[in-house]
Structures are given as structure tokens and as C-alpha cells.
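Notes follow once the structure below has been shown.
Each chain gets a letter, A, B and so on, in the order its sequence line appears, and its residues count up from 1.
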Amino acid sequence: MSYWLFKSEPSSYSWDDLIFDKIAEWDGVRNYKARNFLRDEIQVGDQILFYHSNSKPSCIVGIAEVVRSGYPDFTALDKTSNHFDSKSLPDNPIWFMVDIKPIEKLLHEISLKDIKNTSELKDMGLLKYARLSITPVSHNEFFIIRKMGGLE
DNA sequence: GCCAACGTTGGC
DNA sequence: GCCAACGTTGGC
């Protein structure tokens with residue numbers, strides 16, 4: 001099993017939206033590195049740190065899980081979507097997405113500042129590739145954050 | 001709202 | 001294939 005951090009701006013899609021929807025289609029990712037994770041690496045059962053970016057403060061708020069592995073992002077084919085991409089074709093899609101569901105909310109949120117202040121977390125992808133919306137998380141990092149968040 | 005970091009585009 | 005211009009992300 002692998003671990004990941006997914007960023008979302010709460011003004012566009014928040015943890016509470018995920019709770020309400022029960023399952024989220026993680027569409028709209030338009031970065032090749034993140035696309036490769038979605039298409040090739042992220043598997044059903046992988047655990048996700050759900051991160052609110054551009055927030056006050058930006059923080060990890062909960063744990064989610066992958067329920068469907070990579071499949072073509074249909075919003076890239078939809079002319080009416082803001083995520084439409086004319087270069088992506090039905091028989092040769094460029095962009096991929098997964099589905100996720102919420103598992104547990106952290107008892108306390110872990111802010112970016114908390115992460116920066118924790119030496120064991122200094123190599124997190126979140127810090128190293130600050131603008132990537134999907135980053136890998138190590139087993140160790142995942143369990144440190146669970147614990148900091150007040151989960152078993 | 002500013003701006004640094006960095007990915008993408010397109011002219012050459 | 002280089003690189004300047006431009007657009008986007010996201011912390012602050």
C-alpha cells in the first residue's frame with residue numbers, strides 16, 4: 001500500500017464536501033507529474049492525506065482512501081468544462097483521475113507550519129515540490145502525521 | 001494582493 | 001533544442 005498527499009483549495013473542494021459526497025471524482029489535475037501518479041501508481045486502498053491549500057492556515061485535515069484507480073479524466077473531453085483540453089482525445093486521453101472516499105478526520109489539523117517544524121517531516125514531497133498537487137508520502141511520514149493529528 | 005517558483009508555450 | 005514570455009500555484 002502507498003500513501004499520498006492530495007491538495008485541494010477548500011473554496012473549490014473541501015473535506016466537508018468530500019464527507020457530503022461520500023465519494024469524490026478527483027478530476028481536473030493538469031500537471032504531468034501528478035498525472036503519472038494518477039495513471040500509473042495510485043492504487044485502490046492507498047491512503048491519502050487530504051490537505052487544504054490556500055487556506056488559513058493551510059493544513060492537513062483528514063485521511064481518505066482510493067476506491068477507484070486511474071481512469072481517463074472525462075472533464076478533459078467536455079467542451080463545457082473549465083478543465084477541457086482539446087489535445088486530449090477519447091481514444092488517446094492525456095489526463096487521468098481516481099476516485100476517493102473519506103476515512104477519518106484528524107482530531108486536530110496539522111498546519112504547514114507544524115510540518116515545517118517537525119524534523120522527521122522535512123523531506124515531505126509537500127515541502128520539496130511545493131506546487132505539485134499530488135505528492136507521495138512515506139509510510140513513516142503518514143503515521144507521524146496520523147499521530148500528530150490525534151489518531152491511533 | 002503580492003510575488004517566488006516553476007511548468008508550458010512558441011518563436012527562432 | 002534553447003530560452004524568453006507568459007500563466008498558474010499557493011504561501012505569506
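Of the candidates Val44(A), Ile103(A), Asp99(A), Ile103(A) is the only one forming a side chain to side chain contact (heavy atoms under 4.5 Å, CB included) with Glu65(A). When Asn117(A), Ile110(A), Ile115(A) are each tested for a side chain to side chain contact (heavy atoms under 4.5 Å, CB included) with Lys113(A), only one passes: Asn117(A).
The CG-P distance, from Asn31(A) to dG7(C), rounds to 18 Å in whole Å. In this entry the distance linking CH2 of Trp95(A) with C1' of dG7(B) reads 10 Å, nearest Å. Summarising the geometry, the separation between CG on Leu127(A) and P on dA5(B) is reported as 15 Å, rounded to the nearest angstrom. Rounding to whole angstrom units, CZ of residue Arg30(A) and P of dT9(B) are separated by 13 Å. The separation between Lys56(A) atom NZ and dG1(B) atom P is 10 Å, rounded to whole Å. When the P atom of dT8(B) is taken as reference, atom CD1 of Ile94(A) falls 11 Å away, rounded to whole Å. Between the NZ atom of Lys128(A) and the P atom of dA5(B) there is a distance of 18 Å, given to the nearest Å. Straight-line distance from the CD1 atom of Ile115(A) to the C1' atom of dG11(C): 13 Å, rounded to whole Å.
For Tyr32(A) and dC6(B), the shortest distance from a side-chain N or O to OP1 or OP2 is not below 4.0 Å.
As judged by a 4.0 angstrom heavy-atom cut-off over every strand, Lys116(A) is placed among residues touching the sugar-phosphate backbone only. Within 4.0 Å (heavy atoms only), Lys7(A) reaches sugar-phosphate atoms of the nucleic acid but no base atom.
Minimum atom distance to the side chain of Leu112(A) is reached by dC12(C), of the listed dC12(C), dG10(C), dG7(B).
Between Phe50(A) and Trp26(A), the ring centre distance stays below 6.0 Å.
A cation-pi geometry, defined here as NZ or CZ lying under 6.0 Å from the six-membered ring centre and within 45° of its normal, does not hold between Arg39(A) and Phe37(A).
Contacts between residues 129-136 of chain A and DNA chain C, defined by a heavy-atom separation under 4.0 Å, are made by Ala130(A), Arg131(A).
The residues Lys101(A) and Asp21(A) are annotated as not salt-bridged, no charged nitrogen and carboxylate oxygen being separated by less than 4.0 angstrom. Between Arg146(A) and Glu104(A) there is a salt bridge, since a side-chain N of the basic residue sits under 4.0 Å from a carboxylate O of the acidic one.
Residues Ser14(A) and Asp16(A) have side chains that never bring a donor and an acceptor to within less than 3.5 angstrom of each other.
Along DNA chain B, the nucleotide nearest to Asn54(A) and the one nearest to Lys33(A) differ in position, and the one closer to the 5' end is contacted by Asn54(A).
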